[in-house]
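All values reported here derive from a predicted model rather than from experimental measurement. For the numbers below, each heavy atom of this structure counts, side chains included, while hydrogens, waters and symmetry mates do not. In what follows, chains carry the letters A, B, and so on, assigned in the order in which the sequence lines appear, proteins first and then strands, with residues in each chain numbered from 1.
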Number of protein chains: 2
Amino acid sequence: MENQDLKRVGLKVTLPRMKILEILEMARPRHLTAEDIYRLLLESGEEIGLATVYRVLTQFEAATLVQRLHFEGGQAVFELARGHHHDHIVCSECGHVEEFYDEVIETRQKVIAREHGFEIRDHSLILYGNCQHENCPYRNVE
Amino acid sequence: MENQDLKRVGLKVTLPRMKILEILEMARPRHLTAEDIYRLLLESGEEIGLATVYRVLTQFEAATLVQRLHFEGGQAVFELARGHHHDHIVCSECGHVEEFYDEVIETRQKVIAREHGFEIRDHSLILYGNCQHENCPYRNVE
DNA sequence: ATGTATGCAAAACATTTGCACCTGG
DNA sequence: CCAGGTGCAAATGTTTTGCATACAT
C-alpha cells in the first residue's frame, strides 16, 4: 500500500524509503528525530546511512507524507502525516508529546492573520509544560 | 537606565552587554539573529566576538531581558522583552514579522493543557503566511 | 540502459566551550 | 585585587552535499 504512496508522489520504491515509512508507521511515540529513525533502522538490521534518512525525510516532507516539527532543543522531529492537522503539547521534563486540535484556536488564527493582512499558509503551535503522564520519570517530582 | 537592568539581574555592566542591549532597543525590526547583532556591532565599530554575542544573549534570556524565538530556518531570533507576552506572524516571503496577542487563544491553550493533564509553562505560536506589507518584495507577485 | 538513489566522507551551519588575557567594582 | 567577562580558535551537534557506485524501471 505504501508503495503506492511513494509512486504517487513520484519517488522510486526503494528499500530505504519503504523501511523509513514502515518505521514512521510503527513507531510509538510517533515523533522521531532523524537520529532516532537511523538508530531504529540499524537495530532492525538495515544498513542505511544517516544522510539517506535526512534526504528521504526531506523528500517525504516535500510530498507531505511527513511533517517536520521544531520542538525546543535543536533537532527536528518527524511525524507521519495522517491527513488531519493537529498541534502539540510537549512535556519539558520527559519529552512526552500529546496532540490536540482546537477549532476555536484555528478560527482565531485565521481571523488574526486576516486582520494583519496576511494570507495564512501554515502555523506552528506548541505548548510546553509538565505532564502528569504515568511514564513521565519526573512525575510528581518537586 | 539599562545599567540598572544589568545590575538587577546580577550581571556586570560591560561594554559588550550595554552595546548589545542598545542594539536590541534601537533595532527595527525588533527580531534579530545573533549574526545580525554581531554584524550591527561591527558596523558601529565595536570589536565584539560572535561567541560573546551568543553568551550575552543566553544570559539575557536567562534573566528574561530577551526572548529567544525559533522561526523556520535554523537560526534563532532574539527580541528585547517588553513585559507583555505576544505571538508572531511571519511572512514566508520577505521575513516581515508582526506581533499579536489574543486573549481567546491564550485562554483556550490553558484549558487544553489542563484537559491533557499538563501544567503549562510556556508556548510558541507562530503563523506563517504572505504579508501584503508595502516593504514586502514579493507583494502581489504571483 | 539510464536516470535516480544511496553510502560515505567531507562540508556547511549554528551554537558552545576551553583557555589565556583583560576589566569592572 | 580578583571574580567574572571577553576574544579567539577549536569543538560540538545537526543537517547538507559531492561524488563514485548501485539500483529501480
Side-chain angles (χ1 to χ4, degrees), chain A residues 2-23 31-42 44-63 65-79 95, chain B residues 2-23 31-42 44-63 65-79 95:
Chain A
E2 46 216 32
N3 303 23
Q4 318 299 32
D5 289 344
L6 290 175
K7 280 182 185 149
R8 181 166 47 75
V9 300
L11 295 173
K12 283 186 182 171
V13 179
T14 65
L15 193 130
R17 300 215 256 239
M18 286 191 337
K19 286 293 173 191
I20 290 172
L21 213 41
E22 195 178 298
I23 281 178
H31 307 84
L32 304 173
T33 64
E35 205 69 60
D36 287 338
I37 294 169
Y38 177 61
R39 189 172 30 70
L40 289 167
L41 286 167
L42 293 189
S44 74
E46 302 297 335
E47 295 277 317
I48 294 173
L50 181 56
T52 299
V53 174
Y54 274 106
R55 269 187 293 233
V56 167
L57 288 171
T58 302
Q59 293 161 337
F60 283 4
E61 185 192 19
L65 289 176
V66 312
Q67 221 201 322
R68 186 191 302 248
L69 301 166
H70 298 279
F71 295 164
E72 283 176 339
Q75 38 211 324
V77 301
F78 299 84
E79 147 185 40
Chain B
E2 46 217 31
N3 303 22
Q4 319 297 31
D5 290 344
L6 290 175
K7 279 184 184 146
R8 181 167 46 75
V9 300
L11 296 172
K12 281 186 184 173
V13 178
T14 65
L15 193 130
R17 300 216 258 239
M18 286 194 331
K19 286 294 172 191
I20 290 172
L21 213 41
E22 195 178 298
I23 281 178
H31 307 82
L32 303 174
T33 64
E35 205 70 58
D36 287 337
I37 295 168
Y38 177 61
R39 188 172 31 71
L40 290 168
L41 286 167
L42 293 189
S44 74
E46 301 298 335
E47 294 278 317
I48 294 174
L50 182 56
T52 300
V53 174
Y54 274 107
R55 268 187 294 234
V56 168
L57 287 171
T58 301
Q59 293 161 337
F60 284 3
E61 186 191 18
L65 288 177
V66 311
Q67 220 200 323
R68 185 191 303 248
L69 301 165
H70 298 278
F71 294 163
E72 284 176 339
Q75 38 212 323
V77 300
F78 299 85
E79 148 184 44

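Of all heavy-atom pairs spanning Phe78(A) and Thr33(A), the tightest one is CD1-C, 4.4 Å.
One finds the CD1 atom of Ile20(A) at 11.0 Å from the CG atom of Leu40(A) (value rounded to the nearest 0.5 Å). Atom CD1 of residue Ile23(B) and atom CG of residue Asp36(B) lie 10.0 Å apart, to the nearest 0.5 angstrom. Distance CD/Glu61(B) to CG/Leu69(B): 9.0 Å, rounded to 0.5 Å. The distance from the CZ atom of Arg55(B) to the CG atom of Leu50(B) is 10.0 Å, given to the nearest 0.5 Å. Atom CG of Asp5(A) is separated from atom CG of Leu11(A) by 10.5 Å, given to the nearest 0.5 angstrom. Considering CD of Glu35(A) and CZ of Arg39(A), their distance stands at 8.0 Å, rounded to 0.5 Å.
The terminal axes of the helix from dA1(C)-dT25(D) to dG25(C)-dC1(D), fitted over 5 pairs per end, subtend an angle of 30° to the nearest 10°.
Using modelled atom types, one side-chain atom of Arg17(A) and one backbone atom of Lys12(A) make a donor-acceptor pair closer than 3.5 Å.
Protein chain B contacts DNA chain C over a range whose 5' and 3' limits, counting nucleotides with an atom under 4.0 angstrom from a non-hydrogen atom, are dA14(C) to dG25(C).
Rounded to a whole Å, the CD1 atom of Ile37(A) is 14 Å from the C1' atom of dT15(D). Rounded to an integer number of Å, the gap from CG of Leu57(A) to P of dT14(D) is 15 Å. Straight-line distance from the CG atom of Leu42(B) to the P atom of dT6(D): 16 Å, rounded to whole Å. Remark: C1' of dT17(D) and CD of Gln59(A) are 14 Å apart, rounded to the nearest angstrom. Remark: C1' of dG4(D) and CG of Leu11(B) are 10 Å apart, rounded to the nearest angstrom. Across the protein-nucleic acid pair, Gln75(B) atom CD and dT14(D) atom P stand 18 Å apart, rounded to whole Å.
If you run side chain to side chain contact (heavy atoms under 4.5 Å, CB included) between Pro16(B) and each of Leu21(B), Ile48(B), Val53(B), Leu41(B), only Ile48(B) comes through.
Distances shown here put a side-chain N or O of Tyr54(A) below 4.0 Å from the OP1 or OP2 atom of dT15(D). Proximity of Thr14(B) to the phosphate of dG4(D): no side-chain N or O atom is located under 4.0 Å from OP1 or OP2. At least one side-chain nitrogen or oxygen of Arg17(B) sits closer than 4.0 Å to the OP1 or OP2 atom of dT6(D).
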- Checking side chain to side chain contact (heavy atoms under 4.5 Å, CB included) for the pair Glu46(A)/Leu15(A): CA distance, chi angles, key distance, verdict? CA-CA 9 Å; Glu46(A) 302 297 335; Leu15(A) 193 130; 3.3 Å; yes
- Taking it one step at a time, do Gln59(A) and Leu6(A) satisfy side chain to side chain contact (heavy atoms under 4.5 Å, CB included)? CA-CA 10 Å; Gln59(A) 293 161 337; Leu6(A) 290 175; over 6 Å; no
Mind listing the N/O atom pairs, protein and nucleotides 7-10 of chain D, below 3.5 Å?
{"residue": "dG7(D)", "atom": "OP1", "partner": "Glu47(B)", "partner atom": "O", "Å": "2.7"}
{"residue": "dG7(D)", "atom": "OP2", "partner": "Gly49(B)", "partner atom": "N", "Å": "3.1"}
{"residue": "dG7(D)", "atom": "OP2", "partner": "Thr52(B)", "partner atom": "OG1", "Å": "2.3"}
{"residue": "dG7(D)", "atom": "N7", "partner": "Arg55(B)", "partner atom": "NH2", "Å": "2.7"}
{"residue": "dG7(D)", "atom": "O6", "partner": "Arg55(B)", "partner atom": "NH1", "Å": "3.4"}
{"residue": "dG7(D)", "atom": "O6", "partner": "Arg55(B)", "partner atom": "NH2", "Å": "3.4"}

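Heavy-atom distances to DNA chain C give each of Gly73(B) and Lys12(A) a nearest nucleotide, and the one nearer the 5′ end belongs to Lys12(A). Both Val56(A) and Ala34(B) lie close to DNA chain C; mapped to their nearest nucleotides by heavy-atom distance, the more 5′-ward contact belongs to Val56(A).
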